[in-house]
Amino acid sequence: MTPTRVLVLNSGSSSLKYQLLDMRDSSRLAVGLVERIGEQTSRLRHTLVATGESREQSGPIADHETALKAVAEELARDGLGLDSPELAAIGHRVVHGGMFFTEPTVIDDSVLTEIERLVPVAPLHNPANLTGIRTAMALRPDLPQVAVFDTAFHTAMPESAARYAIDPKIADRYRIRRYGFHGTSHAYVSRETARLLGKAPEEVNVIVLHLGNGASASAVERGRCVDTSMGLTPLEGLVMGTRSGDLDPAVIFHLARVGDMSMDEIDTLLNKRSGLFGLCGDNDMREIRRRVDEGDEAAALAFDIYIHRIKKYIGAYYAVLGQVDAVAFTAGVGENAAAVRSAAVAGLEGLGLAVDEELNAVRSDDARLISPAAARVAVAVVPTDEELEIATQTYALVGKKS
């Protein structure tokens, strides 16, 4: 029997998300989440998809090794254990692959070393990703482990988009360039948008707006990313839940010199206490919209700043692409916040963009068009599926090598 299952692991600093998929039909067999790893209040929630049965356990889970062993036990209870001969590979989300990794890669010692070298440009993400990989490799050393990189889709960008205007020698020495993130989402959504239009990815230009607590935009020309909003790190670009997005770099110097703030304090300010949270004290768009509807001025201003930045990127990427076939909204906010979609497109009729408010108000888990039938540019809502994208890339690679 040829193994057809892929376990997808997404290791965060204190969490472990997982999905087990059967790649014969891309169906999910089990999904789950371990959160608050390292605390006394850890929790594991596991769902067997076929029956909808969910199980939950609470109590201290000391580390990622313990977490993954607990996941393996839950899978085994459903006859889906890590020792199953039907398991073809484990696919790992890795946030930063630099320019070294441009495609999914089977993990060995040299790959681990390179991912570790990139920790300084992804200090919150790559260490957690490495922990998950090493734990999985210890549990199943015989099984192919594949790294799928958030940055890989964006390595196709031309140098004119990827380079910052600083001394190239310094940039190269310290690996300073635009890498971009959410690449698995941008790849998946741009392809699904083309399918929604009844065309091949190579036939369309798409602006993808991945709007979650982290948010990014991309310009995808005929299936290839030519620009994206996040840069060296996930801080640049759109206004996010707790991140500032675009900022005059001199603000950092000003805070250090005049505000007497340390680099760590500034880092915390811009990454964890800015964005929507910094502007109004909330980073949940549902709560912000509730406050806006109640006349809260701080929430209204935060929402307006958020929308203004999205519009700027739509316009910029329209100029980069020259011709746009679709604008696609995805991720938690993009898929669920009709008010965000409507506001982001409002006033852009001159660019051929508009939404049909009745279509926009419909809640659905399906990819769909929300623009008027006669619109020059399609506006779409396309639920992202990063786990399926990781599983697909992992299985395609393992299949090539088998």
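Residue indices begin at 1 and follow the sequence shown.
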In a table with atom names and distances, give each donor-acceptor pair under 3.5 Å that connects a side chain of residues 338-348 to protein atoms at least two apart or in another chain.
residue, atom, partner, partner atom, Å
R341, NE, N360, OD1, 2.7
R341, NH1, G334, O, 3.0
R341, NH1, E335, O, 3.1
R341, NH2, N360, O, 2.8
R341, NH2, N360, OD1, 3.1
S342, OG, E357, OE2, 2.8

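- The environment of CG in D260 is sparse: at most 12 heavy-atom neighbours from other residues, nucleotides or ligands sit within 6.0 Å.
- The backbone N or O of E39 lies less than 3.5 Å from a partner atom in the side chain of S42, making a donor-acceptor pair.
- Judged by distance alone, with hydrogens and angles left aside, the side-chain atoms of Y317 form a donor-acceptor pair with the main-chain N or O of S229 at under 3.5 Å.
- In this structure, CD1 in I310 is found 12.5 Å from CD1 in I305, a value given to the nearest 0.5 Å.
- Side-chain N or O atoms of T51 include one that pairs as donor or acceptor with a backbone N or O of E53 at under 3.5 Å.
- Classification of E35 and K17 as a salt-bridged pair fails, no side-chain N sitting under 4.0 Å from a carboxylate O.
- We find the CD1-CE distance between I252 and M261 to be 10.5 Å, quoted to the nearest 0.5 Å.
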- [ ] Could you walk me through whether E65 and K69 pass salt bridge (charged side-chain N to carboxylate O under 4.0 Å, His left out), step by step?
- [x] CA-CA 6 Å; E65 181 178 0; K69 287 179 178 177; 3.2 Å; yes
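- Distance check, rounded to the nearest 0.5 Å: CD of E265 to CG of L270 gives 12.0 Å.
- Residues satisfying the side-chain hydrogen bond (donor to acceptor under 3.5 Å, both in side chains) criterion with R36, sequence neighbours excluded, are T41.
- Counting heavy-atom neighbours within 6.0 Å of Y164 OH, excluding the residue itself, gives a total above 12.
- Qualifying side-chain contact (heavy atoms from CB on, under 4.5 Å) partners for R163, counting only residues two or more places apart in sequence or in other chains: E159, P168, A171, D172, R177.
- Nearest heavy-atom pair across P383 and T330 is C-OG1, 3.7 Å.
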Open item on the list: Quick one, R24 with D22, criterion salt bridge (charged side-chain N to carboxylate O under 4.0 Å, His left out). Give me CA distance, side-chain angles, the key distance, then yes/no.
Closed with: CA-CA 6 Å; R24 287 176 296 184; D22 190 328; 2.6 Å; yes
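- Expressed to the nearest 0.5 Å, how far CZ of R376 lies from CG of D325 amounts to 11.5 Å.
- The minimum heavy-atom distance linking L351 with Y318 is given by the pair O-OH, 2.7 Å.
- Taking OG of S58 as the start and CG of L44 as the end, the distance is 9.0 Å to the nearest 0.5 Å.
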- [ ] Before giving the answer on side chain to side chain donor-acceptor pair (under 3.5 Å), spell out for R93 and N129 the whole-Å C-alpha distance, their side-chain angles and the decisive distance to 0.1 Å.
- [x] CA-CA 7 Å; R93 179 199 181 204; N129 301 154; over 6 Å; no
- [ ] Determine, step by step, whether V94 and I115 satisfy the side chain to side chain contact (heavy atoms under 4.5 Å, CB included) criterion, reporting the C-alpha distance in whole Å, the side-chain angles of both residues, the deciding distance to 0.1 Å, and the verdict.
- [x] CA-CA 8 Å; V94 180; I115 294 172; 4.1 Å; yes
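- Side chain to side chain, D264 and S262 fail the donor-acceptor criterion of an N or O pair below 3.5 Å.
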Task: Working for side chain to side chain donor-acceptor pair (under 3.5 Å), residues S216 and H186 - done: CA-CA 9 Å; S216 60; H186 287 281; 2.8 Å; yes
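- D83 meets the side-chain contact (heavy atoms from CB on, under 4.5 Å) test with no other residue; sequence neighbours excluded.
- L9 has its side chain within reach of L68: a pair of non-hydrogen atoms, C-beta onward, lies under 4.5 Å apart.
- Within a 6.0 Å sphere centred on CG of D25, other residues, nucleotides and ligands contribute more than 12 heavy atoms.
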TODO: Would you check, one step at a time, whether the test side chain to side chain donor-acceptor pair (under 3.5 Å) holds for H46 with D78?
DONE: CA-CA 10 Å; H46 172 88; D78 297 324; 2.7 Å; yes
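- By the 6.0 Å contact criterion, NZ on K311 is enclosed, its count of non-hydrogen atoms from other residues, nucleotides or ligands being greater than 12.
- With respect to R289 and E287, no salt bridge is recorded, no charged nitrogen being found less than 4.0 Å from a carboxylate O.
- Counting heavy atoms of neighbouring residues, nucleotides and ligands inside a 6.0 Å radius, atom CZ of R117 does not exceed 12 of them.
- Salt-bridge formation is detected for the pair R178/E236: a Lys NZ or Arg NE/NH1/NH2 atom is positioned less than 4.0 Å from an Asp or Glu carboxylate oxygen.
- Counting heavy atoms from C-beta outward, R222 and V204 have side chains that stay 4.5 Å or more apart.
- Under the 3.5 Å distance criterion, the side-chain polar atoms of T242 are matched with a main-chain donor or acceptor of N271.
- The pair R290-E294 meets the salt-bridge criterion, since a charged nitrogen lies less than 4.0 angstrom from a carboxylate oxygen.
- Of all heavy-atom pairs spanning S371 and A378, the tightest one is OG-CA, 3.6 Å.
- Under a 3.5 Å cut-off, the side chain of S218 and the backbone N or O of T228 do not form any donor-acceptor pair.
- Nearest approach of A380 to L369, heavy atoms of both residues: CB-CD2, 3.9 Å.
- Surrounding CD of E297 are at most 12 heavy atoms belonging to other residues, nucleotides or ligands under 6.0 Å away.
- In this structure, the side chain of T151 engages the main chain of G97 through a donor-acceptor pair within 3.5 Å.
- Listed by first then second residue, pairs satisfying side-chain hydrogen bond (donor to acceptor under 3.5 Å, both in side chains) with a partner in residues 193-207 read E192-R195, not counting sequence neighbours.
- Here side-chain hydrogen bond (donor to acceptor under 3.5 Å, both in side chains) pairs that include residues 272-284, with residues two or more places apart or in two chains, are N213-N283, D282-R291, D284-R286.
- Across all their heavy atoms, V146 and I107 have their closest contact at C-CD1, 3.8 Å.
- Of the possible donor and acceptor atoms, one in the side chain of T105 sits under 3.5 Å from a partner among the backbone N and O of E103.
- Listed for the D246 side chain is a donor-acceptor partner under 3.5 Å among the backbone atoms of G237.
- Remark: D365 CG is loosely packed, at most 12 non-hydrogen atoms of other residues, nucleotides or ligands lying under 6.0 Å away.
- The backbone N or O of A156 lies less than 3.5 Å from a partner atom in the side chain of R224, making a donor-acceptor pair.
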Open item on the list: Run the side chain to side chain contact (heavy atoms under 4.5 Å, CB included) test on T135 and D63 for me, step by step, so that the C-alpha distance in whole Å, both residues' side-chain angles and the decisive distance to 0.1 Å come before the verdict.
Closed with: CA-CA 10 Å; T135 301; D63 50 34; over 6 Å; no
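- Separating the CG atom in L139 from the CD atom in Q145 is a distance of 9.0 Å, to the nearest 0.5 Å.
- Without hydrogens or angle criteria, T131 side chain to P127 main chain gives a donor-acceptor distance under 3.5 Å.
- D366 and R368 are not joined by a salt bridge, as no carboxylate oxygen comes within less than 4.0 angstrom of a charged side-chain nitrogen.
- Taking every heavy atom of both residues into account, I37 and A67 meet most closely at CD1-CB, 3.7 Å.
- Here the two rings, on H96 and F181, have centers that are under 6.0 Å apart.
- In summary, R175 and E114 engage in a salt bridge, as defined by a charged side-chain N under 4.0 Å from a carboxylate O.
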